[in-house]
Visitor: 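Structure provided below as C-alpha cells; questions to follow.
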Protein chains: 2
Amino acid sequence: MRTGRPRGFCIETALDRAMTVFWQKGYEGASLSDLTQAMGINPPSLYAAFGNKEGLFRAVLERYDGRRKELMDSVMAAPDAKTAAQLFLEGVAEFSADTNGRNPPGCLLVQSGLSCSDQDIPDVLAQHRAEKEKMLRERFERDRKDGNLPKSANPTVLASYLVAMANGMCVQASAGASTKDLMAVVKLALDAWPVGDKPAKKSARTLQRAV
Amino acid sequence: MRTGRPRGFCIETALDRAMTVFWQKGYEGASLSDLTQAMGINPPSLYAAFGNKEGLFRAVLERYDGRRKELMDSVMAAPDAKTAAQLFLEGVAEFSADTNGRNPPGCLLVQSGLSCSDQDIPDVLAQHRAEKEKMLRERFERDRKDGNLPKSANPTVLASYLVAMANGMCVQASAGASTKDLMAVVKLALDAWPVGDKPAKKSARTLQRAV
DNA sequence: TTTTTATTGTATCGGATGATACATAATGGC
DNA sequence: GCCATTATGTATCATCCGATACAATAAAAA
C-alpha cells in the first residue's frame, strides 16, 4: 500500500466541485479561493494533488469527458449514421440545457476559456473538442465504407457540421435556451443529413450531395 | 464647442486596439496594463473616457456590432429567405476564419466571456448575440407572411438554427478552422433549409417540414 | 519504536490587478 | 489675460492573485 499520510478528501468529489466553479466563472474567473472553498480543501492540498491551477483544470476536463462518455458511447453504438447524428445532437440538447445539479447550462469545453491570457487553455479545450469530432468522423468513415452513408457524403464535413451545431447549441444554452428550444433546432439540423445514393435506406427525400 | 483640454487620442482607434486585446485574451484575461499599452494611453485617460473596464468593453462591443453591420445589412436586404441564410452563414465563415488584420479568428461575442467572474459580461454578450438573432427572426417572419417561406416553417427556429450554426462555426474558427472548412459546413447546413410548400420557388428537393 | 513518506492547516509570499490622487497641460468663454 | 473645464502623465493605492514555507500529523516500512 502507499505510504505516508492518507489524503483527507475524495479526488472525484473535489474535481466535481472544481468543475462547477470553472464552468460558472471560466478558467481565469475561477480564483484559487473560489476553488479551494468549493472543494473544501486548503491550497497546499490542491497543489499537492494537481500541481497547479492548470493541472487541476486539466484533471477537471478529463473528468468532464468521463461524464460525457455515456452519450458518446451510445452515439458510437448507434445502428446507422443518421441515428448516431440524432443521438449526438439530442444528447447535447439534453445535457447542455439541463441544470439538474449545480452545473450551469452549456458546455465546459466551450465556455470555460475560448480566449485566455494563457493560450494553453484555449488549446487544451480545442484538443478535447477535436477528440469528439474525430470520433464522429471515424464513425462516419466506417459508415460510408459500409454503405450506410452515400459515397457522395464527406465524413469530415459531417463531423464538423455536427460539432459546430453542438457547440452553437451550447452557446445558446449558456444564454438560457431550453432543451425544448434546442430540440427544435436539432430537428431542423437533421434535415440536412444526406440520404439516398444507396438503396440501403429508403427515404421520401430526393438525392442530394452532402458536400 | 466643447471646453477643456481636447482628447489626445482617437476613440475609434483606441477601441479597435482594445477590441484586439479582449478578443485574444477574453474579458478577464485582458488586464488594464494590456489594454492601456495596446491603446497607447494611460489609465486615467481610459477611465475618463469609458468609466471603467466594463464600460470600455461595452463600447468595444458596440463598435464590434458596427463592423458586422455591413454583413447584417446585406442579409436583411437579400431577395429571399434562403439567400439571406446563405449570405449570413457565408459571411460568418468568411470573417470568423479571416485573420486579415490583427484580430484573432472567431467571434468576439462568443469567445470573450461566456463564463466570467462577473455575470454582467456573459449577459451583455448574450444580449448582443440575441439582437442579431432577433433581426433574422423578424426577417423570416416577414418572409413567411409574404409567402417567401413555407407556412410550415418556424421563423424562430430558423433564426435560432442559423445563430447556433454561426456560433458553432466561430468556435471552430477560433480553434483554427479555415474559411474553406467552414464553407463546406455552410453548404451542408443550408441543405436543411425549408423549401416547397409554396409555388414561389421551384426546387429539386421534395416537400419537407422545417420544424 | 524509530524512520520514512506523504498530507494537512496556518500563515504568508512577491507580484499583478483594477482603479485613483494629484499636479500639470491645453482648450473655450469671458 | 484670466477662469472654468477637461484631459494628461506620474505615481500609487488597497486588494486579490496564484503559489509556498513550514511545522504538525498520520500512515506504512524498518
Side-chain angles (χ1 to χ4, degrees), chain A residues 1-15 17-22 24-61 112-113 115-122 124, chain B residues 1-15 17-22 24-61 112-113 115-122 124:
Chain A
M1 189 177 175
R2 172 128 140 279
T3 171
R5 178 174 177 173
R7 202 192 308 280
F9 64 98
C10 168
I11 290 274
E12 286 74 23
T13 303
L15 284 176
R17 294 181 179 173
M19 191 189 298
T20 301
V21 178
F22 280 128
Q24 200 142 53
K25 303 192 169 187
Y27 178 77
E28 302 204 284
S31 73
L32 261 290
S33 331
D34 293 333
L35 292 165
T36 52
Q37 187 174 346
M39 299 164 84
I41 61 177
N42 294 113
S45 299
L46 191 156
Y47 282 86
F50 306 105
N52 56 18
K53 187 183 177 182
E54 183 176 337
L56 170 63
F57 186 64
R58 288 175 183 269
V60 163
L61 292 183
S112 61
S115 292
C116 243
S117 174
D118 179 357
Q119 182 64 28
D120 287 353
I121 303 304
V124 66
Chain B
M1 189 178 175
R2 172 128 139 278
T3 172
R5 177 174 174 171
R7 201 190 311 276
F9 64 98
C10 169
I11 290 274
E12 285 75 24
T13 303
L15 285 176
R17 295 181 179 172
M19 190 189 298
T20 301
V21 177
F22 280 128
Q24 201 143 53
K25 304 194 169 186
Y27 178 76
E28 301 203 285
S31 73
L32 259 292
S33 329
D34 293 333
L35 292 165
T36 52
Q37 187 174 345
M39 299 164 83
I41 60 176
N42 295 112
S45 298
L46 191 156
Y47 283 87
F50 305 107
N52 56 18
K53 187 182 177 183
E54 182 176 337
L56 170 62
F57 186 63
R58 289 176 183 268
V60 163
L61 293 183
S112 61
S115 291
C116 243
S117 173
D118 179 357
Q119 183 64 29
D120 287 353
I121 304 303
V124 66

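Keep in mind it's a predicted model, so treat the numbers as computed, not measured. Per chain, numbering begins at 1; letters A, B, ... match sequence-line order.
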Visitor: Determine the minimum heavy-atom distance between A/Ile11 and A/Phe50, stating which atoms define it.
Guide: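 Minimum heavy-atom separation between A/Ile11 and A/Phe50: CD1-CZ, 3.9 Å.
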Visitor: In whole Å, what is the span from the CG atom of A/Asp34 to the C1' atom of D/dA19?
Guide: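 So the CG-C1' distance, A/Asp34 to D/dA19, works out to 16 Å.
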Visitor: Could you state the CG-P distance from B/Asp120 to C/dG18, rounded to the nearest angstrom?
Guide: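 So the CG-P distance, B/Asp120 to C/dG18, works out to 16 Å.
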Visitor: Quick one: which of D/dG18, C/dG18, D/dA11 gets closest to the side chain of B/Pro43?
Guide: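 Between D/dG18, C/dG18, D/dA11, the one nearest the side chain of B/Pro43 would be D/dA11.
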Visitor: With a 4.5 Å heavy-atom cut-off, do B/Tyr27 and B/Glu54 have their side chains touching?
Guide: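 B/Tyr27 vs B/Glu54: side chains touch.
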Visitor: Nearest heavy-atom pair of A/Val21 and A/Ala30: which atoms, and what distance?
Guide: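 Closest approach of A/Val21 to A/Ala30, heavy atoms only: CG1-CB, 3.6 Å.
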Visitor: Please list, by residue number, the residues of residues 2-12 of chain A whose heavy atoms come closer than 4.0 Å to an atom of DNA chain D; answer none if no residue qualifies.
Guide: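 Of all residues in residues 2-12 of chain A, the ones placing a heavy atom under 4.0 Å from DNA chain D are A/Arg2, A/Thr3, A/Gly4, A/Arg5, A/Pro6.
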Visitor: Name the residue closer to the 5' end of DNA chain D, choosing between A/Gly29 and A/Pro44 according to the nucleotide with the nearest heavy atom.
Guide: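 The answer here is A/Gly29.
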Visitor: Would you please confirm or rule out a distance under 4.0 Å between OP1 or OP2 of D/dC16 and any side-chain N or O of A/Ser31?
Guide: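 Indeed not, no polar side-chain atom of A/Ser31 lies that close.
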Visitor: Round to the nearest Å and state the distance from B/Leu46 atom CG to C/dT20 atom C1'.
Guide: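 My rounded result for the distance is 13 Å.
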Visitor: With a 4.5 Å cut-off on side-chain heavy atoms, are B/Ser112 and A/Ser115 touching?
Guide: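 Counting from C-beta outward, A/Ser115 and B/Ser112 never come under 4.5 Å.
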Visitor: Take the protein atom OH of B/Tyr47 and the nucleotide atom P of D/dT6, then report the distance between them rounded to whole Å.
Guide: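 It works out to 21 Å between those atoms.
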Visitor: To the nearest angstrom, how far is A/Glu28 atom CD from D/dC16 atom C1'?
Guide: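 After rounding, the gap between these two atoms is 15 Å.
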Visitor: For A/Leu32 and C/dT12, give me the distance from atom CG to atom P, rounded to whole Å.
Guide: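 Taking atom P of C/dT12 as the reference, CG of A/Leu32 is at 18 Å.
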Visitor: Are B/Leu61 and B/Phe22 packed together at the side-chain level, in the sense that at least one heavy-atom pair is separated by less than 4.5 angstrom?
Guide: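 The answer is no; the side chains never approach within 4.5 Å.
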Visitor: Is the closest side-chain heavy-atom distance between A/Phe57 and A/Leu35 below 4.5 Å?
Guide: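 The answer is no; the side chains never approach within 4.5 Å.
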Visitor: Does A/Asp34 reach the side chain of A/Gln24, with side-chain heavy atoms less than 4.5 Å apart?
Guide: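 A/Asp34 vs A/Gln24: side chains apart.
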Visitor: Give a yes/no on whether any side-chain N or O of A/Ser33 is located under 4.0 angstrom from OP1 or OP2 of D/dC17.
Guide: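 Answer is yes, contact under 4.0 Å.
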Visitor: Measure CZ/B/Phe50 against C1'/C/dA19 and give the value in whole Å, please.
Guide: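 The answer, rounded to whole Å, is 16 Å.
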Visitor: Taking only side-chain nitrogens and oxygens of A/Asn42, does any of them come within less than 4.0 Å of OP1 or OP2 of C/dT8?
Guide: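 Answer no for this pair, as no side-chain N or O of A/Asn42 is under 4.0 Å from OP1 or OP2.
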Visitor: Whole angstrom is fine here: how far is it from CD in B/Gln37 over to P in D/dT10?
Guide: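 These atoms are roughly 14 Å apart.
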